[in-house]
K.L.:
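First the structure, then my questions, so here it is.
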Amino acid sequence: MDTELARTFLAVVSAGNFVTAAEKLHVTQSTVSARIQTLEQLLRVTLFVRNKAGAALTPAGRQFQKHASTLVRTVEHARQDVGIAKGFSGTLTVGGRIGLWEEHLLHWLPLMRAKHPDIAIRAESALEPELMQGLVEGRIDIGVMYTPQSRPGLKVEQLFDEQLILVSTSKRSAPEPQPGYVYIDWGPEFYARHTALFPDFAGPSLTANIGWLGLQHVLENGGSGYFPRRIVAPQLKAGRLHVVADAPEFSMPAYVVYPGERDDAVIAEAVALMHRLAHDAANKKPAPARQARARKRPARRT
């Protein structure tokens with residue numbers, strides 16, 4: 001079987017419709033339809049039910065999904081194994097949001113390299129749809145993201161809770177979006193809660209789907225935005241940014257996603273190391289400034 005047919009099948013599964021799958025594959029919708037039709041003829045089953053909502057898997061389609069994933073993953077791993085650099089015994093591809101590479105995966109990298117110096121690591125940055133597609137196809141071994149999707153054969157585990165806080169270049173900023181506010185697309189859950197908390201917000205003049213890009217704009221041009229506390233900590237300490245008093249905070253979980261059916265010791269150890277880093281970061285001692293503030297609080301009356 002042509003692996004391109006299996007990749008196209010998985011693209012439709014991930015996208016939920018033929019149009020979006022065609023866009024991701026950079027082909028026409030008719031090409032996607034022709035490939036799926038050829039695949040259905042080869043298997044002698046109907047894989048999708050076409051309706052107004054898109055394309056839903058039939059029972060036969062759900063059964064074939066795990067085989068398609070295995071097929072594509074096997075071919076991809078074979079390609080990687082053949083291309084392994086001299087001196088290494090294997091490769092590991094890790095993908096994550098840019099914001100999750102900062103202060104987390106970048107700390108994980110040297111620890112993983114020290115633990116497995118014989119493994120060549122490929123680090124990639126992408127948004128959730130691309131990460132999930134890479135995991136489904138087997139091009140990515142481990143994905144770290146905010147809003148994963150449930151897919152057969154993939155295991156999803158929470159790493160830590162991301163705390164998004166409103167920061168501004170102004171020391172006196174109102175606890176709501178002001179002129180110069182940059183809206184960062186942290187996902188559908190953030191959007192829903194942001195809309196509920198700021199119902200009168202007309203909309204930002206600048207929207208970015210990458211936190212790093214929005215943060216650089218705020219630092220260079222002034223303004224405000226919601227960013228992970230762990231990422232803006234250095235700017236807060238240096239006085240370049242200030243926490244907006246009384247502004248609501250958002251808690252957003254970060255997850256690690258990897259193939260649950262693969263008995264791969266390297267992936268298991270890599271994921272365990274990510275969990276250890278997340279645990280250590282969550283249980284670190286309070287910063288001196290916080291300790292000082294705590295000491296100034298009046299004693300509770302009993």
Side-chain angles (χ1 to χ4, degrees), residues 1-76 79 93 95-99 124-141 143-154 156 183-192 194-195 203-204 206-211 213-214 255 257-259:
M1 180 185 295
D2 185 356
T3 55
E4 198 62 43
L5 299 180
R7 288 185 184 277
T8 302
F9 168 82
L10 292 172
V12 176
V13 172
S14 179
N17 60 76
F18 283 39
V19 176
T20 306
E23 293 174 354
K24 288 184 175 181
L25 295 172
H26 305 290
V27 298
T28 63
Q29 183 180 348
S30 60
T31 299
V32 171
S33 298
R35 290 177 182 176
I36 297 300
Q37 184 177 6
T38 300
L39 186 58
E40 290 177 329
Q41 291 174 349
L42 285 171
L43 298 173
R44 299 179 182 178
V45 296
T46 300
L47 298 171
F48 294 100
V49 175
R50 285 76 161 177
N51 52 45
K52 293 181 179 179
L57 282 171
T58 64
R62 285 193 293 272
Q63 187 69 17
F64 177 66
Q65 183 178 358
K66 60 181 180 181
H67 297 294
S69 298
T70 301
L71 174 63
V72 173
R73 188 178 299 120
T74 299
V75 173
E76 182 63 25
R79 184 188 66 80
T93 301
R97 272 250 192 177
I98 288 182
E124 297 185 359
S125 177
L127 299 179
E128 279 77 0
E130 291 79 12
L131 293 172
M132 289 303 304
Q133 184 65 25
L135 285 160
V136 168
E137 293 183 357
R139 292 182 290 101
I140 296 177
D141 297 305
V144 183
M145 64 196 79
Y146 293 123
T147 53
Q149 298 174 326
S150 178
R151 291 288 182 268
L154 294 179
V156 179
Y183 177 83
I184 307 299
D185 183 5
W186 294 113
E189 293 183 6
F190 174 77
Y191 172 80
H194 188 280
T195 302
L206 176 63
T207 298
N209 64 352
I210 298 176
L213 177 61
Y255 300 89
V257 186
Y258 61 97

K.L.:
Do Arg7 and Arg35 touch side chain to side chain, with heavy atoms closer than 4.5 Å?
P.N.:
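Sidechains of Arg35 and Arg7: no contact.
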
K.L.:
Distance check, rounded to the nearest 0.5 Å: Arg139 atom CZ versus Glu124 atom CD?
P.N.:
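Nearest 0.5 Å value for the CZ-CD distance: 7.0 Å.
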
K.L.:
Can you find a pair of side-chain heavy atoms, one from Leu10 and one from Val72, that are under 4.5 Å apart?
P.N.:
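Answer yes - side chains close enough.
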
K.L.:
If you take all heavy atoms of Ala56 and Asn51, which pair is closest and at what distance?
P.N.:
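Minimum heavy-atom separation between Ala56 and Asn51: CB-ND2, 4.3 Å.
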
K.L.:
Given the rule in the side chain to side chain contact (heavy atoms under 4.5 Å, CB included) test, do Met145 and Leu135 qualify, once you have shown the distances and angles that lead to the verdict?
P.N.:
CA-CA 12 Å; Met145 64 196 79; Leu135 285 160; 3.8 Å; yes

K.L.:
In the structure I gave you, are the side-chain heavy atoms of Pro259 and Asp141 within less than 4.5 Å of one another anywhere?
P.N.:
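Sidechains of Asp141 and Pro259: no contact.
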
K.L.:
Just jot down the side-chain contact (heavy atoms from CB on, under 4.5 Å) partners of Glu40, sequence neighbours excluded, or say none.
P.N.:
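side-chain contact (heavy atoms from CB on, under 4.5 Å) check on Glu40 returns Ile36, Thr46, Leu47, Arg50.
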
K.L.:
Restricting to non-hydrogen atoms, name the atom on Ala21 and the atom on Ala15 that form the minimum distance, rounded to 0.1 Å.
P.N.:
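Heavy atoms of Ala21 and Ala15 come nearest at N-CB, 3.7 Å.
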
K.L.:
Is any side-chain heavy atom of Arg151 closer than 4.5 Å to one of Ser69?
P.N.:
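The answer is no, as the side chains (C-beta and beyond) never meet within the 4.5 Å cut-off.
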
K.L.:
What's the separation between atom CG in Leu5 and atom CG in Leu71, rounded to the nearest 0.5 Å?
P.N.:
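Result: 9.5 Å between the selected atoms.
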
K.L.:
Strictly below 4.0 Å, N to O, side chains only: are Glu128 and Arg97 in salt-bridge contact?
P.N.:
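Yes, this pair counts.
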
K.L.:
Mind checking the CG-CG spacing from Leu127 to Asn209? Nearest 0.5 Å is all I need.
P.N.:
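Reported value, rounded in 0.5 Å steps: 5.0 Å.
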
K.L.:
When rounded to the nearest 0.5 angstrom, what is the spacing between CG in Asp185 and OH in Tyr146?
P.N.:
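Answer rounded to 0.5 Å: 12.0 Å.
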
K.L.:
Which atom pair, heavy atoms only, marks the closest approach of Asn17 to Gly54?
P.N.:
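In terms of heavy atoms, the two residues are closest at CB-CA, 4.0 Å.
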
K.L.:
For the side chain to side chain contact (heavy atoms under 4.5 Å, CB included) test, which of Val32, Leu39, Val27 pairs with Thr8?
P.N.:
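Of the listed options, the one satisfying the test is Val32.
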
K.L.:
Search all heavy atoms of Ala208 against all heavy atoms of Gly214 and return the closest pair with its distance.
P.N.:
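For Ala208 and Gly214, the tightest heavy-atom pair comes out as CB-N, 4.3 Å.
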
K.L.:
List for me each residue that meets side-chain contact (heavy atoms from CB on, under 4.5 Å) alongside Pro188, sequence neighbours excluded, and say none if there are none.
P.N.:
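If we apply the side-chain contact (heavy atoms from CB on, under 4.5 Å) test to Pro188, skipping adjacent residues, the hits are Thr147.
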
K.L.:
Kindly give the heavy-atom pair with the smallest separation between Ala126 and Leu131, and that separation in Å.
P.N.:
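Nearest pair, atom of Ala126 first, then Leu131: O-CD1, 3.6 Å.
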
K.L.:
Could you measure the distance from the OG1 atom of Thr31 to the CD atom of Glu4? Nearest 0.5 Å is fine.
P.N.:
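Answer for the OG1-CD pair, Thr31 versus Glu4, is 10.5 Å.
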
K.L.:
Please identify each residue that fulfils side-chain contact (heavy atoms from CB on, under 4.5 Å) with Ala55, with sequence neighbours left out.
P.N.:
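Partners of Ala55 under the side-chain contact (heavy atoms from CB on, under 4.5 Å) test: Val12, Phe18, Phe48.
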
K.L.:
Any side-chain heavy atom of Gln65 sitting closer than 4.5 Å to one from Val13?
P.N.:
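Yes, at least one pair of side-chain atoms sits under 4.5 Å.
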
K.L.:
Say you draw a straight line from CG of Leu154 to CE of Met132; how long is it, rounded to the nearest 0.5 Å?
P.N.:
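Interatomic distance, Leu154 CG to Met132 CE, rounded to 0.5 Å: 5.5 Å.
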
K.L.:
In terms of the angle between their ring planes, are Trp186 and Phe190 parallel, tilted or perpendicular, with boundaries placed at 30° and 60°?
P.N.:
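Aromatic pair Trp186/Phe190 classed perpendicular.
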
K.L.:
Which pair of non-hydrogen atoms, one from Gln133 and one from Ser14, has the smallest distance, and what is that distance?
P.N.:
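That would be OE1-CB, 2.7 Å.
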
